[in-house]
Protein chains: 2
Amino acid sequence: MRISTKGRYALRVMIDLASFGNGNFIALKDISQRQNIPIKYLEQIVSTLNKAGYLNSMRGSNGGYRLAMSPEEYNVGTVLRTVEGTLTPVECVAYENGVTCPRSDSCNSINFWKGLDEVVNKYIDSYTLKDLIQQ
Amino acid sequence: MRISTKGRYALRVMIDLASFGNGNFIALKDISQRQNIPIKYLEQIVSTLNKAGYLNSMRGSNGGYRLAMSPEEYNVGTVLRTVEGTLTPVECVAYENGVTCPRSDSCNSINFWKGLDEVVNKYIDSYTLKDLIQQ
DNA sequence: ACAATTACTACCATTTTAGTAGGAAATGAG
DNA sequence: CTCATTTCCTACTAAAATGGTAGTAATTGT
């Protein structure tokens with residue numbers, strides 16, 4: 001039931017960009033130093049966030065990343081789901097379009113798990129990046 | 001953010017005992033067959049539940065396990081936490097008696113994570129074993 | 001005595017996590 | 001135009017966690 005470093009680091013990157021960015025491009029080198037996260041690992045995480053459209057990037061000297069939107073427009077849940085892949089507590093909750101678990105007919109717990117998935121997502125979706133910065 | 005097989009299997013064992021037990025001792029062999037879970041793996045999980053006092057056991061022929069209480073007295077959250085170890089989304093939330101994360105002074109997210117921990121535990125604690133059986 | 005069952009402990013293959021590593025492509029500065 | 005700096009892309013890897021297997025001792029009813 002743990003959030004991996006990818007999820008935690010992703011939030012820290014977003015918080016860092018929101019706090020120190022001010023609309024300018026920030027190099028990963030700087031974020032890496034401030035947040036004490038290996039730059040090569042950061043690259044991978046930021047790449048995912050970038051492809052998802054949450055960041056703007058620029059190469060070359062003076063390059064870096066910046067937020068694509070303002071902090072209150074980022075939903076923490078969206079960011080976490082993007083880098084973590086999925087947050088469903090059990091696999092069957094993630095099943096789609098008609099696929100069902102082989103045990104589904106005798107399963108007593110599916111509604112319990114779906115409910116857990118719901119409260120988790122509802123909670124993390126109730127936070128924006130701005131909320132985190134203001135802590 | 002996944003619940004491991006230990007947690008899922010533990011719930012299925014408890015549900016099985018509640019459904020087929022009727023106060024009698026049920027051998028793991030039977031539960032293993034009904035639930036299609038390897039008996040040797042079940043032994044480990046059930047051992048944890050037994051040591052926690054949730055089950056009564058008897059050795060020898062006609063031996064097995066039975067619930068130590070009635071289904072409505074079991075809290076699903078308690079069972080899950082017992083077999084899964086901890087359910088905290090990030091390590092620092094589990095810290096106790098004064099131990100703090102080295103980043104705690106610059107951390108914006110601790111309250112967010114604590115809140116997540118709370119909604120998860122509150123939800124799973126709102127279910128009893130009886131609730132699951134009645135699904 | 002013996003078959004059936006729990007109790008205990010060690011081991012192990014696979015998957016996931018948390019990185020490392022190397023180089024290509026782009027970009028601004030000089 | 002060249003060079004330092006930075007993102008972009010892909011492959012690799014050590015360590016930990018997961019999901020079991022395996023063997024054997026102890027207990028109990030028949």
Side-chain angles (χ1 to χ4, degrees), chain A residues 1-13 17 21 24-33 35-68 80 83-91, chain B residues 1-13 16-17 21 24-33 35-68 80 83-91 94:
Chain A
M1 215 51 191
R2 280 276 155 91
I3 296 287
S4 73
T5 53
K6 278 194 180 171
R8 291 189 286 119
Y9 290 177
L11 286 190
R12 284 165 62 185
V13 168
L17 285 174
N24 302 313
F25 288 103
I26 305 290
L28 281 190
K29 188 181 59 169
D30 297 337
I31 303 178
S32 166
Q33 285 173 1
Q35 299 295 331
N36 197 31
I37 301 172
I39 190 168
K40 281 297 194 178
Y41 193 34
L42 261 191
E43 276 186 14
Q44 295 175 25
I45 295 165
V46 164
S47 166
T48 304
L49 296 171
N50 189 29
K51 283 174 184 163
Y54 305 151
L55 303 176
N56 299 141
S57 68
M58 196 174 65
R59 292 178 167 186
S61 50
N62 297 331
Y65 296 90
R66 70 179 175 203
L67 296 184
L80 285 179
V83 296
E84 293 276 320
T86 175
L87 292 175
T88 56
V90 295
E91 198 187 352
Chain B
M1 215 50 190
R2 279 276 154 93
I3 296 288
S4 73
T5 52
K6 279 193 181 173
R8 290 189 287 119
Y9 290 178
L11 285 191
R12 283 165 62 185
V13 168
D16 189 279
L17 285 174
N24 301 314
F25 288 102
I26 306 289
L28 280 191
K29 189 181 56 170
D30 298 336
I31 303 178
S32 166
Q33 286 172 1
Q35 300 294 330
N36 197 31
I37 300 172
I39 190 167
K40 282 297 195 179
Y41 193 34
L42 262 191
E43 276 186 16
Q44 294 174 26
I45 295 165
V46 165
S47 166
T48 304
L49 296 170
N50 188 30
K51 282 173 184 164
Y54 305 150
L55 303 176
N56 297 141
S57 69
M58 195 174 66
R59 292 178 167 185
S61 50
N62 298 330
Y65 297 91
R66 70 179 175 203
L67 297 185
L80 286 179
V83 296
E84 292 275 321
T86 175
L87 292 175
T88 55
V90 296
E91 199 188 352

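The basis for the numbers below is simple: all heavy atoms, side chains too, and nothing from hydrogens, waters or symmetry mates. Chain A is the first sequence line, chain B the second, and so forth, proteins listed ahead of strands; every chain is numbered from 1.
Under the 4.5 Å side-chain criterion, counting only non-hydrogen atoms from C-beta, B:N56 is in contact with B:F25. Two residues are said to be in side-chain contact when any heavy atoms from C-beta on lie closer than 4.5 Å; A:V46 and A:Y65 meet this criterion. No side-chain heavy atom of A:L55 sits under 4.5 Å from any side-chain heavy atom of A:R66. Residues B:V90 and A:R8 are in side-chain contact: their nearest non-hydrogen atoms beyond the backbone lie under 4.5 Å apart. Annotation: side chain of A:I37 is not in contact with side chain of A:S32 (no heavy-atom distance under 4.5 Å).
Here the straight-line distance linking atom CZ of A:R12 with atom CG of A:L42 works out to 9.0 Å at 0.5 Å rounding. Atom CD of B:E84 and atom OG1 of B:T48 lie 11.0 Å apart (nearest 0.5 Å).
Tested against A:Y54, the residues A:L49, A:L17, A:V83 include a single side-chain contact (heavy atoms from CB on, under 4.5 Å) partner, A:L49.
In this structure, a donor-acceptor pair under 3.5 Å is present between the side chains of B:T5 and B:Y41. Between the side chains of A:T88 and B:R2, at least one donor N or O lies within less than 3.5 Å of an accepting N or O.
Protein chain A touches strand DNA chain C; the 5'-most and 3'-most nucleotides with an atom under 4.0 angstrom of its non-hydrogen atoms are C:dA18 to C:dA29. If you walk DNA chain D from 5' to 3' and mark each nucleotide with an atom closer than 4.0 Å to a heavy atom of chain A, the marks span D:dT5 to D:dA11.
Mapping B:K51 and A:Y41 onto DNA chain C by nearest heavy atom places B:K51 at the nucleotide closer to the 5' end. When the nearest nucleotides of DNA chain C are assigned to A:N62 and B:K29 by heavy-atom distance, the more 5′-ward of the two goes with B:K29. For the pair A:E43 and A:G63, both in contact range of DNA chain D, the more 5′-proximal nearest nucleotide belongs to A:G63. Where B:M58 and B:K40 each meet DNA chain D at their nearest nucleotide, the meeting point lying more 5' is that of B:K40.
If you check every strand for non-hydrogen atoms under 4.0 Å, B:S57 touches sugar and phosphate atoms only. At the heavy-atom level, A:Y65 lies under 4.0 Å from the strands shown only through sugar-phosphate atoms. No engagement by B:S47 is indicated, since no non-hydrogen atom pair under 4.0 Å with the nucleic acid exists.
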- Task: Starting from the C-alpha separation in whole Å, work towards a yes-or-no answer on side-chain contact (heavy atoms from CB on, under 4.5 Å) for A:M1 and B:I3.
- Result: CA-CA 6 Å; A:M1 215 51 191; B:I3 296 288; 3.7 Å; yes
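Each end of the helix from C:dA1-D:dT30 to C:dG30-D:dC1 gets its own axis from five base pairs, and the two axes differ in direction by 10°, given to 10 degrees.
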